[in-house]
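Owing to the predicted nature of the structure, the values given are computational and were not obtained by experimental measurement.
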Amino acid sequence: MPTLKKHFSLAAYRTDGWFERVGDSIGAFQALCEIVGERFFAFSIIIGTRITSLTIDRRTPDQTLVDFVVGNDEDAELDPQRLTLADFRRRLVGALLVEDGKAPPIPQREADVEAIQLFIGVRYLLLAPLYGYSLSSLTIDGSRAEIAVSHDGVAEVYELNAFRARIRTLVREELERAQVGSRSAIDLSKVAEAETFASRKEWPKVIALLGTWPAPLAIFLRTPEGQALSPEARALIAKGLGLLGSACVYLREIDQAEEVFRIGIQYAQEGLTAADLFRRLGEAMLRNNRPGEAVAPLRRAMAFGGLAQDVLPLLARAFTKRGRYVAAFACLKDALASGASEKELSDDIREVERMLGPALTAWKAHLLNA
């Protein structure tokens, strides 16, 4: 005798908006979503994990400590546990991805509420709306079960096991996104370490420490949080980007260096930090045989208060390469007056004097006779 097809409406089983409704009863709901991650906080509720406290590490958010208990009975004596935020997220996802080996019994009547819930899987009923799935109906035909859903307003039909697999994939991807984000996170404590490596000219180590900074920082600057950074944080980020840019210069990655310096300048905005970055940018352009383009950032470096003995020799070199020998001579003269080493500038001085020739000799004689 053929098995009769069973059709169940899931209108009564939709859990759309459950997470938001739970949030209405939790005072620190928004803060927990921001720190732990909205979906990860939802995961913790689904598997019965109650967060009791957080010790926030603002420099390295993944090292934030999460204290929690497993079980929702607040009156019971539950063993407290502590994990870093990164490990806590992995624990949550691992628990959600574990499949029960027992096949649930097939529901017989639409009134079998618990049977239908168990057949679909309670966790899937709760996970589905987190990813925009609203359940419509369940159809069972022999050993085959299909679930009809609306996904962001579009009707879709899945074989039930395929739907469960789809949800598990989305959960797994949530963790992968968080891990990629943490690898791209900006740890300002690395600047001091990078500065040490730079002083030893260990440029590959500087890139290993700070090489992931440019992309997320370029995006972060356009966010309200990025715009609200304190001057101290901006200066430290700009300093780190300056070190990274210089490492790129010394490793002959000039185009990359210029991009890094430009991002750093946006963070620095003005002052000595900006002056240092403009100087580094100008020097990178000089190394890239673009002396004409180097003039503008080197002048900006001077305008923002850069040290004359550091900036003027580079500006003189840019003018020399452009054939502007009088301007180069003036820069070298002012550089020497500001304390630059005559020995270090001797080659530049000789080149400029040779190119100016008799005109410079006559000018010097005029000064002596004046």
Could you tell me if Thr273 and Asp276 have a donor-acceptor pair between their side chains, going purely by distance under 3.5 Å? no

Once you measure the plane-to-plane angle for Phe19 and Phe41, does it fall in the parallel (<30°), tilted (30-60°) or perpendicular (>60°) bin? perpendicular

Pair Ile237-Arg234, side chain to side chain contact (heavy atoms under 4.5 Å, CB included): steps then yes or no: CA-CA 5 Å; Ile237 288 171; Arg234 281 179 170 271; 5.9 Å; no

Hey, what do you get for CD1 (Ile116) to CG (Leu135), rounding to the nearest 0.5 Å? 11.5 Å

Smallest heavy-atom separation, Leu210 atom then Pro214 atom, equals O-CD, 3.9 Å

Could you tell me if the side chain of Phe43 sits less than 4.5 Å from the side chain of Leu130, heavy atoms only? yes

Taking C-beta and beyond as the side chain, do Lys205 and Arg200 meet within less than 4.5 Å on heavy atoms? no

Can you confirm whether Arg21 is buried at CZ, in the sense that more than 12 heavy atoms of other residues, nucleotides or ligands lie under 6.0 Å from that atom? yes

Rounded to the nearest 0.5 Å, what separation is found between the CZ atom of Arg164 and the CD1 atom of Ile147? 8.5 Å

Side chain to side chain contact (heavy atoms under 4.5 Å, CB included) with Thr55: of Leu65, Val66, Thr64, Thr84, only one passes, and it is Leu65

Ignoring hydrogens and geometry, is there a side-chain-to-backbone donor-acceptor pair from Arg280 to Ser246 under 3.5 Å? no

With rounding to the nearest 0.5 angstrom, report the CD to CD distance, Glu293 to Glu258. 7.0 Å

Answer yes if the side chains of Glu174 and Tyr131 hold a donor-acceptor pair under 3.5 Å, and no otherwise. yes

Over 12 non-hydrogen atoms of neighbours within 6.0 angstrom of CD in Glu342: no

Hey, are the side chains of Glu351 and Thr320 touching, using non-hydrogen atoms and a 4.5 Å cut-off? yes

With a 4.5 Å limit on heavy-atom distance, are the side chains of Phe8 and Lys6 in contact? yes

What's the verdict on side chain to side chain contact (heavy atoms under 4.5 Å, CB included) for Trp203 and Lys201, showing C-alpha distance, side-chain angles and the deciding distance? CA-CA 5 Å; Trp203 304 114; Lys201 302 192 182 302; 3.7 Å; yes

Cys248 versus Gln256, closest heavy-atom pair with distance: SG-CG, 3.8 Å

Minimum heavy-atom distance between Pro105 and Phe119, given as atom pair plus value: O-CD1, 3.6 Å

Between Ser134 and Asp16, do the side chains contain an N or O donor and an N or O acceptor separated by less than 3.5 Å? yes

Does Arg144 come within less than 4.0 Å of Glu146, counting only side-chain N to carboxylate O? yes

In this structure, OG1 of Thr52 is separated from CZ of Arg82 (nearest 0.5 Å) by 9.0 Å

Are the side chain of Ser199 and the backbone N or O of Thr196 linked by a donor-acceptor pair below 3.5 Å? yes

Given the rule in the side chain to side chain contact (heavy atoms under 4.5 Å, CB included) test, do Leu281 and Arg300 qualify, once you have shown the distances and angles that lead to the verdict? CA-CA 10 Å; Leu281 176 58; Arg300 295 290 297 277; over 6 Å; no

Any Phe40 side-chain heavy atom under 4.5 Å of Val93 side chain: yes

Can you find a heavy atom in the side chain of Val171 that is under 4.5 Å from one in the side chain of Thr169? no

Minimum-distance pair of heavy atoms, taken over all atoms of Ile254 and Arg287: CD1-CB, 4.4 Å

Going hydrophobic residue to hydrophobic residue with side-chain gaps under 4.5 angstrom, can you get from Val352 over to Leu298? no

Please check if the distance between the ring centroids of Phe304 and Phe278 is under 6.0 Å. yes

Heavy-atom pair with the smallest gap, counting every atom of Ala115 and Pro107: CB-CB, 4.0 Å

Assigning hydrophobic clusters by single linkage (Ile, Leu, Val, Met, Phe, Trp, Tyr; side-chain heavy-atom cutoff under 4.5 Å), is Leu118 placed with Ile140? no

Applying side chain to side chain contact (heavy atoms under 4.5 Å, CB included) to Asp67 and Ile51, what does each step give before you reach the verdict? CA-CA 6 Å; Asp67 292 290; Ile51 298 171; over 6 Å; no

If you round to the nearest 0.5 Å, how far is CG of Leu336 from CD of Glu344? 11.0 Å

Verify whether one side chain among Tyr158 and Glu156 offers a donor that lies under 3.5 Å from an acceptor in the other. yes

Report yes if some heavy atom in the side chain of Arg279 is under 4.5 Å from a heavy atom in the side chain of Leu314; otherwise report no. yes

If you take all heavy atoms of Lys5 and Asp141, which pair is closest and at what distance? CE-OD2, 3.7 Å

Any donor-acceptor pair under 3.5 Å linking the side chain of Thr15 with the backbone of Leu125? yes

What do the steps show when you test Tyr133 against Phe163 for ring-ring contact (aromatic ring centres under 6.0 Å, His included), and what is the final call? CA-CA 10 Å; Tyr133 289 96; Phe163 179 70; 5.5 Å; yes

Side-chain heavy atoms nearer than 4.5 Å, only ILVMFWY residues, links allowed to pass through others: does that put Val295 and Val326 together? no

Around Glu159, counting heavy atoms of other residues, nucleotides and ligands shown, do more than 12 lie under 6.0 Å from its CD? yes

Consider only side-chain heavy atoms of I, L, V, M, F, W and Y, link residues closer than 4.5 Å, and tell whether Ile106 and Leu10 are in one cluster. yes

Gap between atom CG of Leu315 and atom CZ of Arg317 - 0.5 Å precision: 10.5 Å

Within-4.5 Å side-chain heavy-atom neighbours: Val36 and Leu85: yes

Are Ile46 and Leu175 connected in a single hydrophobic cluster, I mean Ile/Leu/Val/Met/Phe/Trp/Tyr linked by side-chain heavy atoms less than 4.5 Å apart? yes

